[in-house]
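Data first, discussion second: the structure below is written as structure tokens.
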Amino acid sequence: MLDVTKLNTFLEAELPGALEFLRQMVGINSFTLNPSGVNRLARVTTEQFASLGFTAEYVDSAFPNYGQHLVLTRRGSGNQSIAMISHLDTVFSPEEEERNQFHWSVEGDRIYGPGTHDIKGGTMMMWLVLKTLQKHAPEVFERITWKLFWNSSEETFSPDFGTVCAQRFEPNTIAALVFEAEGRLGDERLMVLARKGRATWRVTVTGRGSHAGGKHSHGANAAVQLGVLLPKIAAITDYSRELTVNIGTITGGTVLNRVPHEARAEGELRAFDSATYKSGVEKLLALAGAGDVGSPADGFRCEVKVEILTECRPWPRNAATDRLCEIWIEAGKELNLSVGGHERGGLSDGNQIWDVVPTLDGLGPWGDGDHCSERSADGSKVPEFVEISGIVPKAAINVLAIAKLAGMS
Ligand SMILES: [Zn+2]
């Protein structure tokens, strides 16, 4: 059994070192489209975990514009393995960080800065948890084979990362733990049990251009056709099934004296449940074909094309994830901390691996403002931050839960 008081004392003593590691990471710009920054962060991460006995493998991304994925391994004496998942990249370019003076800044109980919450705070948590296990549960730490994975490009489309993980999971992997930020409901700390899937799409209408003065009736107006389609696309949204479609952008036409020959809309579709997700995508695809807008002169019709640009499948509620969450809830009880689970609309790498090995998400510390770098004078807009006082309790929950998961107590 772990001694809770000793555990907390140790974590409090290690916190300054953990925050120093976080400060170093936040100081390295690792925007997805800054591969040299992403690769530099991977090296710093490797060095930090080397003291715990981890060795590195760098895996090229399938996409030439992105940095390398990072895999760290520490082989254990037993046959069980636990995987931990984080990512290297952030959504903030160096220019944006400079423009908004968005850098490491400690203010009261908050640390502001790019990635403090999504997800460098999660990487810091991984280190703190493993360091604590090494000291307070050495039997577990030495017995388990630890595999740590960092996606170089989680913030964009990176389907290759799921394959990188699946190919490297040990045969007896008892859990994949994703260190995205926790949710909060009052005092309750929320783990992530499911995430929506997401399809991005483009609808292109091809009409027939014509002179808006001389041959107006000869034109098949693609913009008008798109206008007819938009309410149909929007109507695929069904809140009762948690299916949403967002029309993100619309464009069309070129100049004012020309009946538009082309118009397009792009957007995304999300759902938790695989069948609902599929039916939404099918409804969207069914809009393709001959349009109902045409040329009054000869009946030439607009043509509608529907493309699915990217897909990340849903991570639905499932028994293996729920079982893991029960362990975290139990650990919380022993620490007098309320822990629960929730389903989240945003994607994570959990979507790619939940059916390969039992997966739980939300192991990172709590914060807010993710993907925001701006601050308003009246305080109504604050950039991304992590809460300092929440780090030690969350680390204690994670340590206790992992020890239970590994059969220690
Ligand atoms: Zn993230």
Side-chain angles (χ1 to χ4, degrees), residues 21-22 25-26 28-35 37-38 41-42 45 61 63 66-71 83-93 96-97 102 111-129 148-162 164-165 176-184 189-198 200 268 270 310 312-315 321 342-354 359-373 383-387 390-391 394 398:
F21 175 38
L22 180 59
M25 290 191 283
V26 170
I28 298 171
N29 177 279
S30 61
F31 180 44
T32 318
L33 288 171
N34 174 15
V38 167
L41 178 62
T45 306
S61 166
F63 301 90
Y66 303 151
Q68 291 175 306
H69 307 301
L70 170 63
V71 185
M84 295 181 169
I85 317 279
S86 180
H87 57 88
L88 296 164
D89 61 330
T90 71
V91 297
F92 306 109
S93 69
E96 181 177 344
E97 288 183 7
F102 185 40
I111 303 171
Y112 294 94
T116 46
H117 175 225
D118 184 13
I119 192 179
K120 292 170 181 178
T123 297
M124 170 198 69
M125 177 67 77
M126 282 163 67
W127 179 82
L128 188 56
V129 164
L148 319 182
F149 297 87
W150 281 265
N151 189 343
S152 66
S153 47
E154 192 269 348
E155 299 290 0
T156 61
F157 186 57
S158 52
D160 58 317
F161 184 69
V164 168
C165 295
L177 306 170
V178 185
F179 281 74
E180 293 283 356
E182 78 176 28
R184 279 275 175 91
R189 288 151 205 274
L190 301 175
M191 311 302 291
V192 183
L193 303 171
R195 287 177 179 272
K196 282 186 168 177
R198 173 179 186 246
T200 60
E268 56 147 59
R270 295 187 191 232
T310 63
C312 181
R313 67 207 184 136
W315 170 8
T321 297
H342 73 154
E343 304 178 8
R344 209 175 274 180
L347 308 171
S348 85
D349 288 316
N351 291 60
Q352 301 202 51
I353 56 168
W354 67 272
T359 302
L360 183 68
D361 197 348
L363 275 83
W366 186 80
D368 209 349
D370 44 328
H371 295 199
C372 180
S373 69
E384 173 173 348
F385 69 88
V386 67
E387 177 193 70
I391 296 170
K394 184 58 176 290
N398 288 335

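In this chain, residues are counted from 1 in sequence order. No experiment lies behind these values; they were computed from the predicted model shown. For ligands, and for the atoms within them, numbers begin at 1 and follow the listed sequence.
Residue Glu155: no N/O/S atom is found under 2.8 Å from the Zn ion (ligand 1). Here Glu180 meets the criterion, with an N, O or S atom under 2.8 Å of the Zn ion (ligand 1).
For Asp118, the N, O or S atom with the smallest separation from the Zn ion (ligand 1) is OD1.
What you find for Thr116 and Phe385 is that their closest heavy atoms are OG1-CA, 3.5 Å. What you find for Ile353 and Thr359 is that their closest heavy atoms are O-OG1, 3.6 Å.
Counting only heavy atoms from C-beta outward, the side chains of Asn351 and Lys196 never approach each other to under 4.5 Å. Two residues are said to be in side-chain contact when any heavy atoms from C-beta on lie closer than 4.5 Å; Phe31 and Asp89 fail this criterion.
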